[in-house]
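Structure first, commentary second.
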Amino acid sequence: MPPAFPLQPDVIPPRSGSIVILTGAGISKESGLETFRDAGGIWSQVRLEDVATPEAFARDPVRVHAFYNMRRARHRTMDIKPNAAHHAVVKLQQAWPGGVTVVTQNVDTLHDEAGTKDLIHMHGTYAQARCNFCDAVVPRLGDLSVTDICASCGKDKGMRPNVVWFGEMPLHMERITAALRDCALFISIGTSGSVYPAAGFVTMVKRSADAHTVELNLEPSQGATLFAEAHYGPATQIVPAYVESLLQSL
């Protein structure tokens, strides 16, 4: 599908330059998944302290499992699919000579389903389970419970969603930092700009020579003034439009 409207980037990176794309909940919103921090988002419906911290899991693992089981089931039963923004990111990856790394804060699997390569789930994914005792990670699309036994260490009551909770360190930070330091273009899509360390990526990139920064969002993020360029509107419109403009430069 062609872009909904023309969009001209301020800066076109060199063909040999790499691109890093950071995505947040805003890229998945039009697929039918709730965002977290918008009005009516997930954290307005449930306290993150009750379902998204290591302390919550230690205190009430049944409740935490119920929350993530609900989110997995919603993805399955509502037949939620990647949207035009996810597919535009894949199109850019396939065509850009310098390479494109995608770093997502999202724990959904829509980037994976769209066919995204060189994808880093910095906050993990609810399509996997991890053992609290031995750190073994396994695919898990169905429900989790306290009765599940780890196939690696044989212990029960330790299997949890393989997601990064508040108070835990994001995953793959060394790989992400290396990609950010080397990129010629950094694109932030659908993020609130309020969750660190991801909210600080734009500052990290600005320290790199000749790196250009772009925000593509429904509305200005908390860190909007840090970006050299910005375009606002629904992700399914502005992301394909921006990608098409980059590819036309080739």
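Positions are given from 1, in the same order as the sequence printed here. No experiment lies behind these values; they were computed from the predicted model shown.
The two residues P61 and A58 come nearest to each other via the heavy atoms CD-O, 4.2 Å. The two residues L7 and A241 make their nearest non-hydrogen contact at CB-CB, 3.9 Å. For the pair A88 and P240, the tightest heavy-atom approach, listed with the atom from each and the gap, is CB-CA, 3.7 Å. Residues V11 and E229 come closest through the heavy atom pair N-OE1, 3.8 Å. Nearest heavy atoms, N106 versus A25: OD1-N, 3.0 Å. Taking each heavy atom of A198 and L22 in turn, the nearest pair found is O-CD2, 3.8 Å.
Between M169 and V164, the closest side-chain pair of non-hydrogen atoms is not below 4.5 Å. Counting only heavy atoms from C-beta outward, the side chains of V205 and V202 never approach each other to under 4.5 Å. Proximity of P170 to P197: side-chain heavy atoms (C-beta onward) are separated by under 4.5 Å at one or more points. In this structure the side chain of S192 never reaches within 4.5 angstrom of the side chain of S221, judged on heavy atoms. Side-chain atoms of L33 and I80, non-hydrogen and from C-beta on, do get closer than 4.5 Å to each other. By the 4.5 Å heavy-atom criterion applied to side chains, L250 and P97 are counted as neighbours. Contact check for L92 versus I19: side-chain heavy atoms found under the 4.5 Å cut-off. With a 4.5 Å cut-off on side-chain heavy atoms, L216 and Y232 do not count as touching.
The hydrophobic cluster containing V146 does not contain V138, counting ILVMFWY residues as joined when their side-chain heavy atoms lie under 4.5 angstrom apart, directly or transitively. Cluster membership for L144 and W165, using ILVMFWY side-chain heavy atoms within less than 4.5 angstrom, is not shared. A continuous path of hydrophobic side-chain contacts links I27 to L119 [ILVMFWY only; heavy atoms under 4.5 Å]. Cluster annotation: V64 and F67 are assigned to the same hydrophobic cluster (Ile/Leu/Val/Met/Phe/Trp/Tyr, side-chain heavy-atom contacts under 4.5 Å, transitive). Hydrophobic clustering, with ILVMFWY side chains joined whenever heavy atoms are under 4.5 angstrom apart, keeps V90 apart from V103.
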Cut-off 3.5 Å, no hydrogens considered: what does the side-chain donor-acceptor table look like for residues 176-190, sequence neighbours left out?
residue: T177; atom: OG1; partner: M173; partner atom: O; Å: 2.8
residue: S188; atom: OG; partner: T191; partner atom: OG1; Å: 3.0

Enumerate, atom names and distances included, each donor-acceptor pair closer than 3.5 Å involving a side-chain atom of residues 153-161, sequence neighbours excluded.
residue: R160; atom: NH1; partner: E168; partner atom: OE2; Å: 2.8
residue: R160; atom: NH2; partner: V163; partner atom: O; Å: 2.6
residue: R160; atom: NH2; partner: E168; partner atom: OE1; Å: 3.1

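Take H65 and apply the ring-ring contact (aromatic ring centres under 6.0 Å, His included) test, not counting sequence neighbours, and it matches F57. Residues passing the ring-ring contact (aromatic ring centres under 6.0 Å, His included) test with H121: none are found, sequence neighbours excluded. A228 meets the side chain to side chain contact (heavy atoms under 4.5 Å, CB included) test with H212, T213; sequence neighbours excluded. The side chain to side chain donor-acceptor pair (under 3.5 Å) search around E30 returns T236, not counting sequence neighbours. For R140, the salt bridge (Lys or Arg N to Asp or Glu O under 4.0 Å) partners are D148, not counting sequence neighbours.
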So D118 and R175, side-chain contact (heavy atoms from CB on, under 4.5 Å) or not? Walk me through it. CA-CA 11 Å; D118 199 6; R175 181 180 168 196; 2.7 Å; yes

Just do the side-chain contact (heavy atoms from CB on, under 4.5 Å) check on Q105 and M122 with the steps written out, would you? CA-CA 6 Å; Q105 300 173 84; M122 67 176 293; 4.0 Å; yes

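Screening residues 122-131 for side-chain hydrogen bond (donor to acceptor under 3.5 Å, both in side chains) gives H75-Y126, Q128-N162, R130-N162 as the qualifying pairs, with residues at least two apart or on separate chains. Each salt bridge (charged side-chain N to carboxylate O under 4.0 Å, His left out) pair with one or both residues in residues 89-113, not counting sequence neighbours, appears once here: K91-E244. Sequence neighbours left out, not one pair with a member in residues 11-26 passes salt bridge (charged side-chain N to carboxylate O under 4.0 Å, His left out). Pairs engaging residues 189-203 under the salt bridge (charged side-chain N to carboxylate O under 4.0 Å, His left out) rule: none recorded [sequence neighbours left out]. Contacts classified as ring pair (Phe, Tyr, Trp, His ring centres under 6.0 Å) and involving residues 86-116 (residues at least two apart or in different chains) are given here: H86-H111.
T104 and T23 form a side-chain donor-acceptor contact under 3.5 Å, judged by distance and modelled atom types alone.
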